[in-house]
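What you see is a predicted model, and the numbers here were worked out from it, not measured in a lab.
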Amino acid sequence: MRLPPGLDGLLEPARFAVGLARRQELHLLEGEGRAGGKPLTALCAGPADLVDALLKRAFAPGARRRSLGTVPLWETCAALSRRAPGADLVLRFVRRSFEPLPRGPVVARLPAWVRMDIDLQSPLCAERGKDKRNRNRRTTAAGAFTTTLGRSEAEFAEFYDRFHLPLVTTRHGEGASVQSRAEVLAGLRGGQLRLIQVRGGGELVAGGTVELDGDQAHFWQMGVRDGDPELLRLGAADAVYHFMLALCRENGVRVLNLGHCRPFARDGVFDYKCLLGAYAAARRDARRGSLDLAAPGLTPAAADFLADNPLIALEPGGRLSLRAFARDAEQAAARAEECRRRYCFMDTLGLRVFILAPGGPRETQA
């Protein structure tokens with residue numbers, strides 16, 4: 001339940017006091033870096049889905065993870081790095097009640113999750129997403145996918161149990177953060193949700209739920225039958241997006257919220273939504289907490305990771321920026337141009353470009 005802003009603020013001291021006694025899991029990740037192929041070691045303090053996100057973004061397949069037990073929620077990246085000297089990267093989840101505490105030297109503080117929107121009446125969004133939407137339309141036609149709207153509680157329950165939950169756990173593991181079955185069914189009973197059902201070959205193959213509220217809409221869940229990766233390859237998920245966008249336009253939706261992504265701009269889900277014409281919202285949802293990312297000593301493996309991963313970062317006042325990293329001034333100029341075109345086309349994100357120098361990233365005008 002969302003509390004009124006004033007009351008929510010009054011509860012922060014209580015949350016802080018309770019948080020002092022709480023702990024979170026710490027994992028040591030080791031393997032080959034996804035960018036550059038160098039040996040990479042990282043510490044990750046936080047929930048299981050954050051560990052999975054770092055593994056997928058930073059490491060080539062086959063990386064190892066090892067639990068180092070639990071650590072206090074308030075422990076900084078510098079303190080965590082002493083538990084595994086030589087770690088190239090340190091990533092930790094920060095509860096919002098602990099955000100005012102000193103954080104020590106970090107590359108950036110990131111929002112734990114980034115909201116992605118599409119303005120369906122914006123020429124910029126339409127132009128940015130034109131190619132991907134056309135491909136999705138062709139994929140939908142080639143697969144002979146059709147759609148209906150589910151209406152019964154049994155249909156919503158089947159979607160959750162056989163489509164949505166298997167896809168989420170296949171992609172993100174058993175520790176994935178997922179809306180509960182009861183919440184999905186409550187959305188049906190309250191009349192807020194529409195269930196998009198996609199059929200191929202005469203049977204249900206995929207689906208998604210969207211909440212329509214006047215000229216606003218929120219895309220909640222996606223699923224494919226039994227989480228089958230072959231259905232993803234055949235374009236069943238693309239068809240869900242195609243039919244969902246059509247439904248929103250038919251109902252006069254102006255802004256469609258496509259949900260939240262992790263703050264790595266080259267993450268597959270983030271990139272997919274950008275290709276549809278979505279953009280990162282200008283401000284973050286403070287209730288979701290934040291992440292501190294450190295690169296002690298800026299080792300070659302850490303530099304490879306940063307050069308390959310523009311980051312959505314928190315700036316003073318809660319606004320967001322895109323931080324891009326380059327090896328030299330020439331690469332910085334090229335990276336700035338790419339990021340403006342690909343991620344900053346709606347001006348909701350400021351752009352900051354850094355050159356990877358021996359003493360740490362150095363901001364440059366590019």
Side-chain angles (χ1 to χ4, degrees), residues 33-38 53 56-58 89 106-111 113-136 241 255 258 260-284 291 293 295 298 300-366:
R34 178 172 175 165
K38 299 180 181 68
K56 291 175 182 177
R57 191 63 249 153
L89 298 170
V106 297
V107 171
R109 172 162 283 178
L110 319 173
W113 294 94
V114 179
R115 171 175 166 151
M116 303 292 290
D117 289 339
I118 298 181
D119 186 333
L120 296 179
Q121 297 177 15
S122 164
L124 286 173
C125 287
E127 180 62 28
R128 180 68 183 89
K130 178 176 64 177
D131 290 344
K132 178 59 179 171
R133 291 197 300 273
N134 285 340
R135 287 197 298 273
N136 283 1
Y241 279 101
V255 176
L258 282 181
H260 290 73
C261 299
R262 286 300 187 183
F264 307 113
R266 287 193 173 142
D267 173 76
V269 176
F270 188 100
D271 216 26
Y272 184 97
K273 292 178 180 180
C274 284
L275 289 173
L276 283 171
Y279 53 89
R283 303 181 71 86
R284 60 116 174 203
L291 308 173
L293 176 67
L298 193 60
D304 285 345
F305 170 80
L306 292 173
D308 192 53
N309 285 281
L311 304 170
I312 310 299
L314 279 169
E315 302 296 348
R319 288 189 62 83
L320 303 180
S321 72
L322 184 70
R323 295 193 181 189
F325 302 87
R327 306 285 187 178
D328 51 40
E330 182 179 354
Q331 189 182 65
R335 186 62 46 83
E337 181 180 353
E338 175 198 10
C339 289
R340 287 191 186 97
R341 172 182 54 81
R342 191 163 188 169
Y343 305 117
C344 303
F345 60 93
M346 284 292 283
D347 294 327
T348 55
L349 290 177
L351 177 62
R352 301 178 65 183
V353 182
F354 295 79
I355 291 178
L356 296 165
R362 173 174 53 82
E363 189 166 7
T364 184
Q365 298 300 318

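- Separating the CG atom in L258 from the CD1 atom in I118 is a distance of 4.5 Å, to the nearest 0.5 Å.
- Note that SG of C125 and CD of E127 are 11.0 Å apart. Values are rounded to the nearest 0.5 Å.
- Put simply, the side chain of L311 does not reach to within 4.5 Å of the side chain of P263, judged on heavy atoms.
- Heavy atoms only, all atoms of each residue included: F270 and A265 are closest at CD2-O, 3.2 Å.
- One finds the CZ atom of F325 at 13.0 Å from the OG1 atom of T364 (value rounded to the nearest 0.5 Å).
- With rounding to the nearest 0.5 Å, the separation of CG in L293 from CZ in F264 is 7.0 Å.
- L89 approaches A302 most closely through the heavy-atom pair CD2-CB, 3.9 Å.
- Looking only at distances, no side-chain donor or acceptor of K38 sits under 3.5 Å from a matching main-chain atom of P300.
- D267 approaches V269 most closely through the heavy-atom pair OD2-N, 3.1 Å.
- Here the side chain of R323 pairs no donor or acceptor atom with the backbone of F354 at under 3.5 angstrom.
- Atom CD of E338 sits in a crowded spot, with more than 12 heavy atoms from other residues, nucleotides or ligands closer than 6.0 Å.
- A salt bridge links D304 with R327: the closest approach of a Lys/Arg side-chain nitrogen to an acidic carboxylate oxygen falls below 4.0 angstrom.
- Here the closest non-hydrogen pair linking T348 and A281 is CB-C, 4.3 Å.
- Between the CZ atom of R319 and the CG atom of L314 there is a distance of 12.0 Å, given to the nearest 0.5 Å.
- With contacts defined as side-chain heavy-atom distances shorter than 4.5 Å, the pair L349/S321 does not qualify.
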Run R128 and M346 through side chain to side chain contact (heavy atoms under 4.5 Å, CB included) and show every step you take. CA-CA 10 Å; R128 180 68 183 89; M346 284 292 283; over 6 Å; no

Walk me through it: do L322 and I312 pass the test side chain to side chain contact (heavy atoms under 4.5 Å, CB included)? CA-CA 5 Å; L322 184 70; I312 310 299; 3.5 Å; yes

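- In terms of modelled atom types and a separation under 3.5 Å, the side chain of R335 and the main chain of P310 share no donor-acceptor contact.
- With sequence neighbours excluded, the residues forming a side-chain hydrogen bond (donor to acceptor under 3.5 Å, both in side chains) with D271 are R342, Y343, listed by chain and number.
- Between Y279 and F345, the two ring planes are perpendicular [angle over 60°; tilted spans 30° to 60°].
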Where do L298 and V107 land on the side chain to side chain contact (heavy atoms under 4.5 Å, CB included) test, with the steps shown first? CA-CA 10 Å; L298 193 60; V107 171; 5.8 Å; no

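- Using modelled atom types, no side-chain atom of R57 and backbone atom of F305 make a donor-acceptor pair closer than 3.5 Å.
- Heavy-atom minimum distance, R340 versus L351: CG-CD2, 3.6 Å.
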Quick one: do M116 and C274 satisfy side chain to side chain contact (heavy atoms under 4.5 Å, CB included)? Show the steps, please. CA-CA 8 Å; M116 303 292 290; C274 284; 3.8 Å; yes

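- Proximity of L276 to N136: side-chain heavy atoms (C-beta onward) are separated by under 4.5 Å at one or more points.
- Listed here is the closest heavy atom pair of A53 and R262: CB-CG, 4.0 Å.
- Note: D119 CG to L124 CG = 9.0 Å, rounded to the nearest 0.5 Å.
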